[in-house]
Amino acid sequence: MRTVLFRSVVALLVPIISVHAQQPQQQKPLEIYFIDTEGGQATLFVSPTGQSMLVDTGFPGNQGAATPAETNALGITRDADRITAVLKQANVTVLDYVVISHYHGDHAGNAAELASRIPIRHFVDHGPYTVELQPNRSGAFLAYQPVREKAHTIVPKPGDKIAIAGLDVRVVSARAT
């Protein structure tokens, strides 16, 4: 009698276990953080799988501030501090991708500072400095260049994808194309 009862209980549990195993596990949502960089914006994407992509890095120092005295104050890393705070909030300890849309100060200004604060696996940019190499606009690129030369840098073409599991990131324009 025990054997029959045991088989009946096992027979009832097997379908329940297999139904439970077939249900998809709860997936984390895509998280998007918009970070004010005083005249610009940095955007952090954290995929459902935990991979991260930061688009643009904000001004270096305190550029973009209201007064020249505030702009030139020493030791201030306003936008890098804001981005770092959001990375902590999002539990990002490694940036998988940092996309530099172009080399103006409000887009590439903190690339070197962020690279000193957090590991960055890949930079995505449009290649060597081109038309933006104007004497009054080259500072952000010149600060980024040593980091760029040591890092794994991707120079995509239109149609290329940035490999982030759970996201479909496609390049639609690059290098003035």
Participant: Could you walk me through whether R148 and D125 pass the salt bridge (Lys or Arg N to Asp or Glu O under 4.0 Å) test, one step at a time?
Facilitator: CA-CA 9 Å; R148 183 184 189 278; D125 64 32; 2.6 Å; yes
Participant: Sequence neighbours excluded and cut-off under 3.5 Å, please list the side-chain donor-acceptor pairs for residues 89-99, or say none.
Facilitator:
from : atom 1 : to   : atom 2 : distance (Å)
D96  : OD1    : R121 : NH1    : 2.4
D96  : OD2    : S52  : N      : 2.8
Y97  : OH     : A163 : O      : 3.2

Participant: Of all the heavy-atom pairs spanning L54 and A42, show the shortest one and how long it is.
Facilitator: CD1-CB, 4.1 Å
Participant: Could you point out which residue of I35, T37, I32 forms a side-chain contact (heavy atoms from CB on, under 4.5 Å) with T43?
Facilitator: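 Output: one option passes, namely I32.
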Participant: Would you check if V172 and P158 make a side-chain contact, meaning some heavy-atom pair closer than 4.5 Å?
Facilitator: no
Participant: Evaluate side chain to side chain contact (heavy atoms under 4.5 Å, CB included) for M53 paired with L44, printing each intermediate quantity in order.
Facilitator: CA-CA 6 Å; M53 178 175 69; L44 174 66; over 6 Å; no
Participant: With the side chain counted from C-beta on, respond yes when V55 and F45 share a heavy-atom pair under 4.5 Å apart, and no when they do not.
Facilitator: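 They are in contact (side-chain heavy atoms under 4.5 Å apart), so the answer is yes.
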Participant: What I'd like to find out is whether the side chain of I162 reaches to under 4.5 Å of the side chain of V124, using heavy atoms alone.
Facilitator: yes
Participant: Taking the side chain as every heavy atom from C-beta outward, state whether Y144 and I100 have any atom pair closer than 4.5 Å.
Facilitator: yes
Participant: With a 4.0 Å cut-off on N to O distance, would you call D81 and R117 a salt bridge?
Facilitator: yes
Participant: For residues R82 and T84, determine if any side-chain heavy atom of one lies less than 4.5 Å from a side-chain heavy atom of the other.
Facilitator: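 When only atoms from C-beta onward are counted, T84 and R82 do not touch, as no gap falls below 4.5 Å.
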Participant: Taking the ring centre of each residue, are F141 and H104 less than 6.0 Å apart?
Facilitator: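 Not close enough - the centres of the two rings lie 6.0 Å or further apart.
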Participant: Taking side chain as C-beta onward, heavy atoms only, is K161 less than 4.5 Å from D168?
Facilitator: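 Contact flag for K161/D168 side chains = yes.
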